[in-house]
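Here the structure is laid out as structure tokens; the discussion comes afterwards.
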Amino acid sequence: MKITLAKTAGFCGGVMRAVKLAEDTCAEGKPCVMLGPIVHNDHVVEHFRQLGMDCVKTVEEVPEHCAVLIRSHGESRAVYEALKGRTIIDATCPKVEKIHRLAEEAQKNGRTLVIFGKKNHPEVVATAGWCEGAVIVETAQELQDWLESDSNRKASPLTLVSQTTANKESFKKSVEIAKNLCTNLQIYDTICNATYNRQSEAESLAQLSDAMVVIGDRKSSNTRHLAELCEQHCSHVYWIEQTSELPIHLVKCAASVGITAGASTPGWIIKEVHKTMSEERIEIEESFAEMLEKSIKTLNTGDKVTGIVVNITPTEIQVEVGTKHTGYIPVSEFSDDPTVRVEDAVKVGDEIETYVMRVNDQDGIVTLSKKRLDSVKNWEFIEAAKESGEAVEGLIREENKGGVVANIKGIRVFVPASQTGLRRNEPMTGLVGSTVKLQITEVNRSRRRVVGSIRAVSAAERAAKSAAIWDNIEVDKKYSGTVKSLTSYGAFVDIGGVDGMVHISELSWSRIKHPSEVVSVGDPVDVYVIKYDPDRKKISLGMKDRTVSPWESFVNQYSVGDTASVKVVKLMSFGAFAEIVPGVDGLIHISQIADHRVEKPEDELSEGQIVDVKITEINNETQKVSLSRRAAMRNQAEDEE
């Protein structure tokens with residue numbers, strides 16, 4: 001077997017630069033996080049996690065003391081603005097940064113930016129964030145449809161750029177269409193030369209090889225392009241992320257194998273794959289006698305046999321079983337689960353374990369069954385789950401009389417209504433189609449009857465969470481919770497297995513009549529512990545921010561003699577209380593409500609009404625405020641004169 005490693009495989013210059021910046025930062029010991037994966041390769045991201053550089057998804061997740069490393073794909077203008085004042089280590093690929101400047105220039109000159117690339121790719125999303133109204137197209141046809149959908153677009157000023165890792169030929173087709181249809185067009189070929197050279201070499205290597213191995217992360221756009229190009233010229237292409245995925249049993253049958261890798265694939269993985277294949281080649285030469293012996297062995301009905309999928313048709317799966325026979329699995333013998341699609345469950349090159357149903361030595365054909373072998377294993381799995389009490393996952397397929405039916409590895413499991421975990425009379429239809437965890441409570445293989453409980457798992461999980469909370473709870477500890485129910489006197493909040501109560505007075509500094517003015521059932525809320533009683537299993541929670549003193553906010557904003565707009569919050573026989581700032585009320589005495597005699601406050605005021613008042617007295621010791629609407633009315637009249 002001849003093994004050829006592409007010269008251009010692995011890190012491009014932009015990725016190499018980004019990785020070097022990250023390594024230097026880690027070596028200096030600076031606290032730093034990467035904003036999004038530095039490159040599309042989980043192994044590289046994990047490497048930096050081990051060095052102390054975590055990965056966050058959003059700007060809001062960046063710790064205050066940390067520097068921020070901008071990944072090689074770049075970020076939008078909005079991200080840079082959000083990071084003002086932070087230490088930024090910009091690892092954006094220079095070629096990507098050039099496209100950002102082109103985007104800025106297009107907007108400055110009143111041109112519409114058209115980006116040829118994958119809509120959800122971080123490089124494309126970042127580029128679109130450097131101008132307003134950018135248009136993203138993924139194919140030449142999509143570009144043509146967009147241009148022809150509005151006749152004004154053909155004459156409008158357009159600037160066409162490309163994702164750096166886009167396919168060169170596809171971009172050329174887009175350029176030809178744009179030239180034929182547009183009258184005011186700027187074109188910038190921003191495909192990276194390293195990308196183009198890597199793709200060209202991969203195509204040439206694929207034409208000369210019996211099999212191609214493409215190494216790279218599944219999320220990598222440029223690796224996907226490499227695999228697609230190789231598949232156009234070679235019938236056996238294997239896309240792997242690491243050595244453990246290498247299909248040695250197939251590759252070793254090829255006389256020549258080519259290896260290429262995406263721009264974000266680290267060199268150590270490429271070397272490991274190349275080394276493994278080289279060592280396998282030696283083993284093949286040494287075990288030729290063993291292979292010859294296997295080729296003449298026979299099969300018998302009832303045998304278990306492991307083979308390799310070599311072809312898939314709508315009616316059957318062809319399996320190479322390592323003998324003179326050709327193995328076939330009829331689609332009807334693939335799975336007991338009617339929802340399983342063969343093309344999704346198995347791929348050419350997969351290893352598969354089967355049961356021999358029939359052997360036809362005359363025609364050299366063996367009929368195999370996967371579902372019969374799986375059935376035995378699946379029942380063993382269910383029985384083991386019953387014995388251990390461990391939770392298993394199942395898909396709720398249907399609502400049945402008295403409960404729901406789950407599918408676990410092709411086996412029907414009945415869950416009685418009382419064990420669904422739903423409230424009495426709550427419809428079970430909502431469970432259909434969902435994946436749930438349940439505990440197997442009864443198994444009768446001869447009757448093919450299995451019973452399970454969702455409630456048992458939920459109860460166990462909640463009990464474990466509850467125990468963890470009670471073990472670690474303390475006054476002032478903060479929790480993120482969910483509002484479970486409301487009463488006239490407060491809100492009950494689930495803080496992860498335990499419900500606590502937020503009294504109405506602790507929901508807000510403002511005076512409220514009902515908790516629904518502040519929260520609704522299902523709302524996520526941040527709360528803190530005021531007090532707790534482990535014996536009675538009761539927790540009192542608070543929501544209002546105690547780090548801010550309403551009284552300090554008031555005295556910093558107002559003084560005696562100031563006029564303020566206040567909200568009437570409560571009427572009494574002797575006057576009215578009005579909210580000046582949230583958490584601070586003042587009293588408008590009945591004698592100060594109007595410039596004439598008032599019999600009852602409700603004759604002049606109503607709750608919720610906004611009125612202007614003058615602050616006549618502030619008592620810092622008792623934190624009480626006296627207000628006068630009459631004085632404010634008098635001042636207003638004098639101003640009008």
Side-chain angles (χ1 to χ4, degrees), residues 244 300-307 329 332-342 344-346 350-357 368-424 426 428-472 494 496-498 537:
S244 61
N300 299 298
T301 300
D303 285 351
K304 291 181 182 179
V305 60
T306 300
I329 306 174
S332 60
E333 290 294 328
F334 183 75
S335 175
D336 263 330
D337 187 347
T339 65
V340 170
R341 289 161 49 95
V342 173
D344 295 335
V346 69
D350 286 355
E351 188 174 82
I352 188 169
E353 190 175 11
T354 63
Y355 169 87
V356 177
M357 293 173 60
L368 307 169
S369 174
K370 179 177 179 293
K371 77 176 184 181
R372 297 194 186 189
L373 189 61
D374 288 346
S375 178
V376 175
K377 290 183 176 181
N378 293 341
W379 277 102
E380 290 173 351
F381 172 83
I382 292 291
E383 289 172 338
K386 164 67 169 61
E387 291 301 318
S388 67
E390 291 185 9
V392 293
E393 282 194 350
L395 174 67
I396 303 298
R397 294 292 309 282
E398 61 184 85
E399 182 180 356
N400 206 342
K401 184 178 180 180
V404 293
V405 176
N407 183 296
I408 301 178
K409 295 183 177 292
I411 295 176
R412 289 169 60 89
V413 179
F414 177 66
V415 181
S418 62
Q419 299 301 313
T420 60
L422 300 176
R423 296 185 182 91
R424 185 184 296 273
E426 185 176 354
M428 294 180 287
T429 309
L431 285 175
V432 177
S434 64
T435 299
V436 298
K437 288 184 178 180
L438 46 84
Q439 189 177 87
I440 304 300
T441 58
E442 180 184 336
V443 179
N444 188 322
R445 196 194 294 201
S446 61
R447 295 179 58 195
R448 302 184 69 82
R449 173 179 168 82
V450 183
V451 180
S453 171
I454 300 172
R455 190 179 73 174
V457 176
S458 301
E461 290 179 346
R462 189 170 178 84
K465 291 178 180 178
S466 174
I469 286 178
W470 284 111
D471 286 344
N472 298 284
D494 181 356
V498 177
K537 298 296 181 185

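Treat the numbers as computed from the prediction; the structure is a model and nothing was measured.
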Would you compute the distance between atom CG of Asp374 and atom CZ of Phe334 and round it to the nearest 0.5 angstrom?
8.0 Å
Who passes side-chain hydrogen bond (donor to acceptor under 3.5 Å, both in side chains) against Asn444, sequence neighbours left out?
Ser446
For Thr301 and Asp303, what are the C-alpha separation, side-chain angles and deciding distance, and is it a side chain to side chain contact (heavy atoms under 4.5 Å, CB included)?
CA-CA 6 Å; Thr301 300; Asp303 285 351; over 6 Å; no
Side chain to side chain contact (heavy atoms under 4.5 Å, CB included) between Val415 and Leu431, intermediate numbers included:
CA-CA 11 Å; Val415 181; Leu431 285 175; over 6 Å; no
Residues that Lys371 engages under side-chain hydrogen bond (donor to acceptor under 3.5 Å, both in side chains), provided they are two or more places apart:
none
Taken to the nearest 0.5 Å, the spacing of Lys465 NZ from Glu461 CD works out to 6.0 Å
Between the main-chain N or O of Lys370 and the side-chain N or O of Thr354, is there a donor-acceptor pair closer than 3.5 Å?
no
Between Arg447 and Glu442, does any NZ, NE, NH1 or NH2 come within less than 4.0 Å of an OD or OE carboxylate oxygen?
no
Compare all side-chain heavy atoms of Ile352 with those of Ile329 and state whether any distance is below 4.5 angstrom.
yes
By the definition side-chain contact (heavy atoms from CB on, under 4.5 Å), identify the one residue from Val404, Asn400, Ile396 that meets it with Met428.
Val404
Under 3.5 Å: donor-acceptor pair, side chain of Ser369, backbone of Tyr355:
no
For Val457 and Ala391 the tightest heavy-atom approach is CG2-CB, 3.9 Å
With a 4.5 Å limit on heavy-atom distance, are the side chains of Val451 and Pro416 in contact?
yes
Mind checking side-chain contact (heavy atoms from CB on, under 4.5 Å) for Ser388 and listing every partner two or more places apart, or none if nothing turns up?
Glu390
Minimum side-chain heavy-atom gap Lys386-Ile382 below 4.5 Å
no
Run the side chain to side chain contact (heavy atoms under 4.5 Å, CB included) test on Asp494 and Arg462 for me, step by step, so that the C-alpha distance in whole Å, both residues' side-chain angles and the decisive distance to 0.1 Å come before the verdict.
CA-CA 11 Å; Asp494 181 356; Arg462 189 170 178 84; 3.3 Å; yes
Tightest non-hydrogen contact, residues Ser466 and Val498, listed as OG-CG2, 3.3 Å
How close do Ala385 and Ile440 get, heavy atom to heavy atom, and via which atoms?
CB-CG1, 4.1 Å
Could you go through the salt bridge (charged side-chain N to carboxylate O under 4.0 Å, His left out) check for Glu398 and Arg412 one step at a time?
CA-CA 10 Å; Glu398 61 184 85; Arg412 289 169 60 89; 3.3 Å; yes
Take atom CZ in Arg397; do more than 12 heavy atoms of anything else shown fall under 6.0 Å from it?
yes
Could you check whether any side-chain heavy atom of Leu373 comes within less than 4.5 Å of a side-chain heavy atom of Lys304, counting everything from C-beta outward?
yes
Quick one, Phe381 and Ile411 - any side-chain contact, counting heavy atoms below 4.5 Å?
no
Is there a side-chain contact between Leu438 and Val392, using heavy atoms and a 4.5 Å cut-off?
yes
How close do Val340 and Ser335 get, counting heavy atoms only, and between which atoms?
CG2-OG, 3.8 Å
Looking only at non-hydrogen atoms, find the nearest pair between Trp379 and Arg448 and report the distance.
CH2-CA, 3.6 Å
Do Ile408 and Val450 pass the side chain to side chain contact (heavy atoms under 4.5 Å, CB included) test, and can you show the C-alpha distance, the side-chain angles, and the key distance before you say yes or no?
CA-CA 10 Å; Ile408 301 178; Val450 183; over 6 Å; no
Is it the case that the side chains of Ser453 and Gln439 hold a donor-acceptor pair, with the cut-off being a distance below 3.5 Å and no angle test?
no
